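Keep in mind that this is a model prediction, so the values were computed, not measured.
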Amino acid sequence: MRFFQEHCKVILTLFLMTIPFAGLAGIRDDRSSQIQLMATNFGNGVSLGMNFSDHIFVGAEYFSIELTGDGEDTANQEEYDADFANLQLNVRYYPFESSGFYAQAGYVQRNWKFVVTGTGEVGDSAQTADYKLTVEWPSTGANLGLGFNWMADFGLSGGLFLGAITGGKPTAKGEISNESGVINQNDVDKEVDEMYEREKLDERFSTIPLIAFYLGFNF
């Protein structure tokens, strides 16, 4: 969300640029191939696809984002490093030949990884150590949503998509610098569970809203 706020002016400008060229969908057959840049609340990327008719569009999208910052436990000097990459294969259905409104469903190949590092007491061991929590999500997911795609007579196109990506809960594993030898696996597991809850990973990333703006060309 921080990324979206920082880039909202650029995204809004791209969106407003498409409005004067809002053509009807009846020319989709004449300009069947489409390439667009995309800006989303979950990273930037590119969208490619083809209109097989005025009703059916099949495409692929790639977008990613990298985030770093302070973790939830500032007393332990926690830091996080997150990498979220998405490859989507989408099908859009345009119910009206004379409109750019569409419904979309797709398959998502995800590479989502979230790493938290810190220094503090581990579990109930009363021992201080460096620790690392690595969280990874299932590699496959799905996207659903609604959108609108504009197209000018000379090919300039753009649009807006509102939807979500979902794909299940993440799994976590912990690593501890156990130089003293007194930190057991139960302490490690407890620390992993506590960090997992602090970062609210189930709530934040199991299902995420997706807002995407597009600008490109049909030919």
Side-chain angles (χ1 to χ4, degrees), residues 1-18 34-49 57-72 78-93 100-117 133-150 157-172 195-216:
M1 189 58 66
R2 182 186 306 170
F3 172 87
F4 181 71
Q5 292 173 345
E6 291 176 351
H7 293 76
C8 63
K9 291 183 179 180
V10 175
I11 294 171
L12 182 60
T13 300
L14 294 178
F15 173 63
L16 293 176
M17 286 175 62
T18 67
Q34 178 173 286
I35 180 170
Q36 294 175 328
L37 299 178
M38 58 188 300
T40 83
N41 60 317
F42 218 49
N44 299 326
V46 63
S47 174
L48 306 170
F57 172 93
V58 178
E61 297 179 344
Y62 177 82
F63 55 98
S64 64
I65 186 172
E66 295 183 12
L67 301 170
T68 59
D70 296 328
E72 296 295 330
E78 279 188 358
E79 297 180 347
Y80 70 82
D81 185 0
D83 186 7
F84 300 101
N86 307 270
L87 175 63
Q88 296 190 158
L89 302 177
N90 304 319
V91 176
R92 296 177 180 176
Y93 175 68
F101 171 78
Y102 63 84
Q104 176 175 297
Y107 164 84
V108 185
Q109 181 68 36
R110 307 186 300 179
N111 184 10
W112 292 10
K113 190 173 183 179
F114 188 95
V115 178
V116 180
T117 57
L133 171 68
T134 302
V135 182
E136 294 184 285
W137 281 257
S139 60
T140 59
N143 77 78
L144 295 169
L146 302 173
F148 201 95
N149 194 66
W150 293 271
S157 63
L160 168 67
F161 174 81
L162 301 175
I165 296 176
T166 185
K169 296 181 179 180
T171 57
M195 285 188 286
Y196 191 92
E197 292 298 323
R198 280 200 303 270
E199 298 295 337
K200 299 179 176 63
L201 296 171
D202 279 357
E203 300 174 18
R204 294 166 64 183
F205 295 118
S206 289
T207 298
I208 66 159
L210 182 62
I211 305 171
F213 296 87
Y214 299 88
L215 184 64

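The two residues Asn44 and Ala39 come nearest to each other via the heavy atoms OD1-CA, 3.4 Å. For Ala85 against Ser64, the heavy-atom pair with the smallest separation is CA-CB, 3.7 Å. Closest approach of Ala105 to Leu144, counting heavy atoms only: CB-CD2, 3.6 Å. Between Trp137 and Gly168 the shortest heavy-atom distance is CD1-O, 3.7 Å. Across Ala172 and Leu133, no two heavy atoms sit closer than the pair CB-CD1, 3.6 Å.
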Query raised in the report: Between Lys113 and Val135, does a side chain to side chain contact (heavy atoms under 4.5 Å, CB included) hold up when you go through it step by step?
Result: CA-CA 6 Å; Lys113 190 173 183 179; Val135 182; over 6 Å; no

Query raised in the report: Could you go step by step and tell me if Leu162 and Leu146 meet the side chain to side chain contact (heavy atoms under 4.5 Å, CB included) rule?
Result: CA-CA 6 Å; Leu162 301 175; Leu146 302 173; 5.8 Å; no

Query raised in the report: Checking side chain to side chain contact (heavy atoms under 4.5 Å, CB included) for the pair Leu37/Leu215: CA distance, chi angles, key distance, verdict?
Result: CA-CA 5 Å; Leu37 299 178; Leu215 184 64; 5.6 Å; no

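Taking the six-membered ring where the residue is Trp, the centroids of Phe84 and Phe42 are separated by under 6.0 Å. Between Phe148 and Trp150, the distance from one ring center to the other falls under 6.0 angstrom.
Under the salt bridge (charged side-chain N to carboxylate O under 4.0 Å, His left out) criterion, the residue pairs touching residues 57-66 are Glu61-Arg92, with sequence neighbours excluded.
The closest side-chain heavy-atom distance from Trp112 to Asn86 is below 4.5 Å. Taking 4.5 Å as the limit, some side-chain heavy atom of Leu48 sits within range of a side-chain heavy atom of Ile35. Within the 4.5 Å cutoff, side-chain heavy atoms of Phe213 are placed close to those of Leu160. For the pair Gln36 and Met38, the minimum side-chain heavy-atom distance is 4.5 Å or more. The shortest distance between side-chain heavy atoms of Asn143 and Ile165 falls below 4.5 Å. Contact of the Gln109 side chain with the Thr140 side chain is registered, since non-hydrogen atoms from C-beta on lie closer than 4.5 Å.
Partners of Arg110 under the salt bridge (charged side-chain N to carboxylate O under 4.0 Å, His left out) rule, at least two apart in sequence or in another chain, do not exist in this structure. Among residues two or more places apart in sequence or in another chain, the ring pair (Phe, Tyr, Trp, His ring centres under 6.0 Å) test is passed with Phe57 by none.
Of the possible donor and acceptor atoms, one in the side chain of Asn41 sits under 3.5 Å from a partner among the backbone N and O of Ile211.
With values rounded to the nearest 0.5 angstrom, Asn90 atom CG is found 12.5 Å from Tyr107 atom OH.
Taking the six-membered ring where tryptophan is involved, the planes of Phe161 and Tyr102 are essentially parallel, since the angle between them stays under 30° and well short of 60°.
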